[in-house]
Amino acid sequence: MGFVIAVDGPAASGKGTIAVKLGALYGYPVLDSGLLYRAVGVKVLERGQDLGDEAAALDAARSLDPAELEQPRVRTRAAGEAASRVAVYSPVRRALREFQQAFAAREPGAVIDGRDIGTVIAPHAPAKLYVTATPEVRAQRRWKQLTGQGEAVTFEEILADIRVRDERDSARADSPMTMAADAVLLDTTEMTIDAAFDAARRIVETARSRWETAKG
Ligand code: DC
């Protein structure tokens with residue numbers, strides 16, 4: 001395994017921005033694993049199927065084409081909601097695992113952001129971050145992003161979405177919202193994006209020195 005950087009955390013915690021910046025810093029490819037679940041949710045809806053239909057979600061996951069991650073529709077509020085609905089199915093999670101693990105195996109390294117990267121997808125990742133912030137601050141960031149994309153939505157609606165999503169993402173026994181024991185917690189509530197990235201970079205640099213020493 002190369003130098004895998006796992007960036008986990010709840011919705012709109014800033015993990016995506018941090019992951020992209022880390023990828024640019026090290027020259028590694030970046031995978032936003034949330035897009036996989038979003039694309040599955042979008043596909044179920046586009047096929048006129050029900051998000052509560054596990055078999056339909058599994059079929060959408062198995063037939064997923066990486067090109068589907070590029071559609072603008074996967075970045076909408078509705079896609080986020082659909083993603084968290086299909087993400088509760090263990091068979092769907094398993095179907096998406098291979099793609100993510102192949103990405104993690106890329107040399108000389110890769111950055112993946114999500115919920116379960118440090119715990120399930122790449123438990124041996126040498127660098128693990130768990131990025132969080134209060135629901136209010138996360139809602140504020142997501143609201144800015146979505147209104148910037150032209151969606152008509154209020155802050156209160158987004159805050160309610162975030163609370164429902166946190167609940168759903170952490171409700172199950174094999175919950176993806178669990179911080180890996182060896183991850184470093186980064187609370188970005190009071191931080192600008194520059195400050196958050198700087199803190200993330202320092203955490204990753206420490207992990208990198210340790211990894212290089214261990215490699216010999
Ligand atoms: O990070 P995001 O908002 O794009 O994620 C959308 C949903 O996908 C989220 O509510 C839960 C799910 N998800 C997951 O279960 N595991 C991941 N590794 C990434 C996302």
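Here, residue 1 is the first one in the sequence, and each next residue gets the next number. Remember, it's 1-based here, ligands and their atoms both numbered in the order they're listed.
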Under 4.0 Å, heavy atoms only, figure out whether ligand 1 is touched by the backbone of [X], its side chain, both or neither.
| X | result |
| --- | --- |
| Ser84 | both |
| Arg38 | side chain |
| Arg115 | both |

In terms of side-chain geometry, is the basic nitrogen of [X] or [Y] positioned less than 4.0 Å from the acidic oxygen of its partner?
| X | Y | value |
| --- | --- | --- |
| Glu212 | Arg208 | yes |
| Glu151 | Arg142 | no |
| Arg201 | Asp198 | yes |
| Asp59 | Arg47 | yes |

Nitrogen or oxygen atoms of Ser33 and ligand 1 under 3.5 Å apart: yes
Backbone or side-chain N or O of Asp32 under 3.5 Å from ligand 1 N or O: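 It does not: no N or O of Asp32 is found under 3.5 Å from an N or O of ligand 1.
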Separation between CD of Gln100 and CD1 of Ile112, rounded to the nearest 0.5 Å: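 These two atoms lie 6.5 Å from each other.
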Gap separating the NZ atom of Lys43 from the CD atom of Glu68, nearest 0.5 angstrom: 3.5 Å
Just which atoms of ligand 1 are under 4.0 Å from any heavy atom in [X]?
| X | result |
| --- | --- |
| Ala87 | 12 (C), 15 (O) |
| Lys15 | 1 (O) |
| Ala83 | 6 (C), 7 (C), 8 (O) |

Heavy-atom side-chain contact between Val120 and Arg93 under 4.5 Å: no
Test item, Arg93 contacting ligand 1 (heavy atom, 4.0 angstrom): yes
